[in-house]
Amino acid sequence: MRKPTFSIGGVHPHDSKISRECRVEPMPLPDSAYIAVAQHIGAPAKPLVAVGDKVKVGQPIAEPGGFVSAFIHASVSGTVKSIAPRADLAGNPVMTIEIAREGDEWMEGIDLSDTLVTEIPDDNKAILDKIRLGGIVGLGGATFPTHVKLSPPPGSKCERLIINGCECEPYLTSDFRCLLEKGEQVVIGAAILKQVLGGVPCTVAIEENKPEAIAHIGEVIARLRKQSPKYDGIEVMVMKMRYPQGGEKQLIDAVMHRQVGSGALPISVGAVVQNVGTALAVYDAVLKNKPLVDNTLTVTGECFPHQANLLVRVGTPLRTILEHLGGIPDEAVKVISGGPMMGKAVANLDAATLKGTSALLLLTEKQTARGEEGPCIRCGKCAEACPMGLEPFLLQKLSRIGDVEALEANAAQDCIECGCCLYSCPANIPLLDIIRLGKADAMKAIRERAAAAKAAAEAAK
Amino acid sequence: MKLLVSPNPHIHSKWSTRSLMTDVVIALLPAAICSVVFYGWREALVLAVSVLSCVGFEWLITRGLMKQKSTICDMSAVVTGLLLGMNLPFTTPWWMVMTGALVAIGIAKMTFGGLGQNVFNPALVGRVFLLVSFPAVMTTWVGPVHFADAYTGSTPLSSVNEAILNGTPVTEITSQYSYGSMLLANLGGSAGEICALALLLGFVYLCVRKVIKPWITLSIFATVALTSLIFWGVDSARFTDPAFNLLSGGLILGACFMATDYVTSPMSTKGGIIFGIGIGFLTMMIRYFGSYPEGVSFAILIMNAFVPLLNRWFKQKKFGRA
Amino acid sequence: MNTIWTTIAIISLIGLVLALVLYLVAEKFKVVEDPRIDDVEKVMPGANCGGCGFAGCRAFAEAAVKAPNLDNNFCPVGGNETMAKVAAILGYEVKEKAPMVAVVRCNGSCANRPTVNTYGGFASCRVKATLYSGDTGCAFGCLGCGDCVAACQFGALSMDPETGLPVVDETKCTACGACTKACPKGLIELRAKGPRGMRVWVDCRNKDKGPAAKKACAAACIGCGICAKTCRHEAITVADNIAYIDYNKCKLCRECIAMCPTGAIHESGFPKPLDKEATKARILERQKKEREAAAAAAKTTEEKKDA
């Protein structure tokens, strides 16, 4: 049988999962943690502590700054040394809480034991509260606050929960290791999410290049199902390997054969997608009282001799992590936070990890240098690769001349910035670089129009 | 150490303009070698002159006239040269080949702005230019020299064309040719068209390497087969049969290598299929009713002109939009 | 012979009929337009640059004809000369505006501001600014990809290969403002051209605190405020660790230039170069005297109080 996958475009980069055999190991605690208050989509959090305060691990140090926002917790115990703007990995200043570490003292009530808790409480409201207070955000990359995603707006109904274990980005193995080493916790987390969403069926989507994880999760589900009916309706779906399968819209298309419309949310087609890491964090927050203070990080690259999957406290400087593993090799020219397709190139190694940091990838000049830009040969490979069915060759031309109207008509605002177009362009035209500008212009025009319409409607009242 | 910072994606596929063009050259090689084997050194000379002059003209124009960086490294001029050479009879004199190359590169390609900007397939423009300028040379096909009964004067298609124009039954001519021999050695015609099997081999190579998608080619074949089936069914004495039409003349070379040229073919699959149907239908109309025996070149050039329109009309379906 | 006449007759007839049709159609679809729009458009520079805020010269002309006065319509390219002509056509009065010129407010040349990483993306300031803070330690300075040069329709901007910064050709700059919009860091400002082209400005927009700014760029404004204290015309203000010279108040005395510790203040158009050392000595002497006078005054008031 043909394995399910999304219906339009996509590319097949070599999966390069060279760190797949590395067990997740805890990273030694950093001397100082630098915790940014804006590490989720939405409003930045507001600091709750002052300089000089003593904090324990798991203590909330910043509260949500709006409806779409999240709590932030101290990831190390110690003294708050400063609350000031600090350069993030792109060199832009972000308000950051610096904690000088003293020992490793956790808040009371956090269960740090390895005992597996399989009993899921019935009170959904209490669960949602714990997820909110635990500062859980989507760990698949977008870092959207999870409790917001779990509270569908009135009038919309969730029909299926999808646990995203595709990890379609090459090199990344943190989700794979979580599935393998903490499969039970992930499945229990999925069951909690499923219950909060009203007991909808749940699909754990895993790509075919992770057979061990597929087998293990299948086993775990079968075992847990014997214990409680709460684990019924969770299934593993083996996906065809294809990038960007882990993109929310693509995954929903692949699993449910429904396409989320332009500008719409997944819930509009009855889907909620949560990442494997998020499910694990939900388990920790709900059943262990442990807020989101650490996450699994893959450190990898062919030129890097010490491949690793590390459990890293949020706010650990990137330089500290790389030095712990033996430093940056001479051949490496680029450090990427995330995968090679959608990750961000690091400009400032003194920046610290965020909740959503999933990997540090080191690439050599040969692997990453862009070829010289040539003329478009109209091969159409970009359009073939675009998972949103757009025409990158056209959008880049429109972006260059700044024709916002035409950009909007050609759906530039639908671009998910997955990088498939630039990846496949034989002429090395910086398609995505340029389209991103056009997308911003188109979205600005749409927002302005919406705001004007709203103002007009209010004036009419 | 200074870090390299650039927007995503940070890796690139194996494709480059040069690798794609090189793949096309590789795909053309079996057919080119066949033609040299069948026709001998004069064919090798035609191919060599064609390739060298295409590359040379491109170099001269980019460096000498446009004062830009030379673009010959992208291999596209080699492809044009090879295709042009393969589209000429091996008896073409060297200066005529060079004229064709000048028209192909100078007029059809560089005046439009170079690679990617041309509306019409350069090799075909060169070939058609020679065909209308020097019809005597271009339609005097000489059979392969290695055949004992080498003959001069006609190809299967031109004999059929004459028969159709004279009103004599075509079966007398088609019965002279067995499909098997046409598959292996297409008697007469342009040198590169000699071995259908070698051309198809190259086409399969391009498809397997994902350089091209097969839809354009297949839709041309299907349309040619269907159109000739209908006409042949109506009057088998007047019109040639589908297999004869598929195997004869420049159809395979044109459908596999000229119609699938990136620059001058539509981007979307749907557009490509319409494009192919247009080529197939026009080819058959010219073959049956035109005064030229062969119509593939004209059909492709005519459809080239429709490509911008097809690109506008037939777009890929966008995600999540009805 | 007959054929020729017939041909001529037929063709003439066709021509006549078509001319009639054209005439009738033109009459039917005639648009009555204020003829002054055409007149105004004729005196416009015709660059269609959009510097006036309208889509082009025609749009400007339409707006100018409709407007009750010319206060909100000014063509920066044509300047006072063009506006005088427009005013004459429309019978309005027009206020003279000081001629402006684009000024690049960054002095982070390759020598002053070393790079700390390599940019490998598309060479566009906007793309680069969207991606990160830039390839130098300064998050506010010129990105060097030349978006402003591309935006200039008058060829007034060019990149200096030595400094890596854009240079304005004063003779070509029309102050249309296209470059100010193109620069993602907002480094280009339209400033008064000044008498005989003489002007003084702070060549930096780094809002970092002094030490950080200085670390990133040798020529950064560190917001020390010495210039503001030196200025006797209250033309200089310091906000967000950055000094700004109000060109309406500046009297071109150049004392701030002499006193600036980092050389962040620049001049242009002055016939004589500034003798920094001498000016500085003179200012310090003056300030010393002022201090002494102030102290003496304070003393006398105190003595008065005592008495």
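Computed from a predicted structure; not experimentally measured. Convention: sequence-line order gives letters A, B, ...; per-chain numbering from 1. Computed over heavy atoms, backbone and side chain alike; hydrogens, waters and symmetry mates excluded.
In this structure, the portion of A/P13 lying under 4.5 Å from any heavy atom of chain B is its side chain and not its backbone. Contact of A/F6 with chain B is not made at all, since no heavy-atom distance falls under 4.5 Å. Interface residue A/L394: only side-chain heavy atoms are found under 4.5 Å from chain B. Residue A/P170 touches chain B through its side chain alone, counting heavy-atom pairs closer than 4.5 Å. Residue B/D261: no heavy atom, backbone or side chain, is found under 4.5 Å from chain A. With a threshold of 4.5 angstrom between heavy atoms, A/C418 approaches chain B through N, CA, C or O but not through any side-chain atom. For A/C386, the part lying under 4.5 angstrom from a heavy atom of chain B is the backbone only. Contact of A/I377 with chain B is made through backbone and side chain together, with heavy-atom distances under 4.5 Å. Using a 4.5 Å cut-off between heavy atoms, A/L422 touches chain B through backbone and side chain atoms alike. Proximity to chain A (any heavy atom under 4.5 Å) is restricted, for B/L20, to the side chain, taken from C-beta onward. Only the backbone of A/Q367 has a heavy atom closer than 4.5 Å to any heavy atom of chain B. Contacts of A/K249 with chain B are made by both backbone and side-chain atoms, with heavy-atom separations under 4.5 Å. Residue A/A332 touches chain B through its backbone alone, counting heavy-atom pairs closer than 4.5 Å.
In B/K210, the NZ atom is not crowded: 12 or fewer heavy atoms of neighbouring residues, nucleotides or ligands sit closer than 6.0 Å. Annotation: B/F314, atom CZ; neighbour count of heavy atoms from other residues, nucleotides and ligands within 6.0 Å is above 12. Enclosure of atom OH in B/Y205 by more than 12 non-hydrogen atoms of other residues, nucleotides or ligands within 6.0 angstrom is indicated. Atom CZ of A/R370 sits in a crowded spot, with more than 12 heavy atoms from other residues, nucleotides or ligands closer than 6.0 Å. Other residues, nucleotides and ligands contribute more than 12 heavy atoms inside 6.0 Å of the NZ atom of A/K240.
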Do A/K334 and B/S6 pass the side-chain hydrogen bond (donor to acceptor under 3.5 Å, both in side chains) test, and can you show the C-alpha distance, the side-chain angles, and the key distance before you say yes or no?
CA-CA 9 Å; A/K334 196 188 251 178; B/S6 53; 2.7 Å; yes

Determine whether B/R321 and A/M388 satisfy the following criterion, side-chain contact (heavy atoms from CB on, under 4.5 Å), listing intermediate values before the conclusion.
CA-CA 10 Å; B/R321 284 169 185 255; A/M388 297 304 289; over 6 Å; no

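Contact count against chain B (heavy-atom pairs under 4.5 Å) is highest for A/A345 among A/A345, A/A385, A/C421. Between chain B and the residues A/H14, A/H12, A/M342, the largest count of heavy-atom pairs under 4.5 Å involves A/M342. Comparing A/C420, A/C379, A/G261 by how many heavy-atom pairs each has under 4.5 Å with chain B, the most go to A/C379. Taking chain B as the reference chain and counting heavy-atom pairs below 4.5 Å, the highest number among A/G371, A/A427, A/G343 is found for A/G343. Annotation: maximal heavy-atom pairing with chain B below 4.5 Å, among A/P375, A/G380, A/G9, A/S424, occurs at A/S424.
For B/R312, there are no salt bridge (charged side-chain N to carboxylate O under 4.0 Å, His left out) partners at least two apart in sequence or on another chain.
A 4.5 Å side-chain heavy-atom check between B/M267 and A/R378 finds at least one atom pair inside the cut-off. When side chains are defined from C-beta on, B/P9 counts as touching A/L432, because their heavy atoms get closer than 4.5 Å. In this structure, the side chains of A/E372 and B/K69 come closer than 4.5 Å at one or more pairs of heavy atoms. Counting heavy atoms from C-beta outward, B/L3 and A/V333 have side chains that stay 4.5 Å or more apart. Inter-residue side-chain proximity for B/K213 and A/E384 is flagged as met; some heavy-atom pair is nearer than 4.5 Å. A heavy-atom distance below 4.5 Å is not found between the side chains of A/P387 and B/F319. Between B/N8 and A/M341 there is no side-chain heavy-atom pair separated by less than 4.5 Å. Annotation: side chain of B/K315 is in contact with side chain of A/N410 (closest heavy-atom distance under 4.5 Å).
Interatomic distance, B/L115 CG to A/C376 SG, rounded to the nearest 0.5 Å: 9.0 Å. Atom CG of A/N428 is separated from atom NE2 of B/H12 by 4.5 Å, given to the nearest 0.5 angstrom. Here the NE2 atom belonging to B/H10 is positioned 6.5 Å from the OG1 atom belonging to A/T368, to the nearest 0.5 angstrom.
No donor-acceptor pair under 3.5 Å is formed between the side chain of B/S16 and the backbone N or O of A/P426.
Taking every heavy atom of both residues into account, B/V5 and A/V346 meet most closely at CG2-O, 3.8 Å. Looking at every heavy atom in both residues, B/Q316 comes nearest to A/A383 through OE1-O, 2.9 Å.
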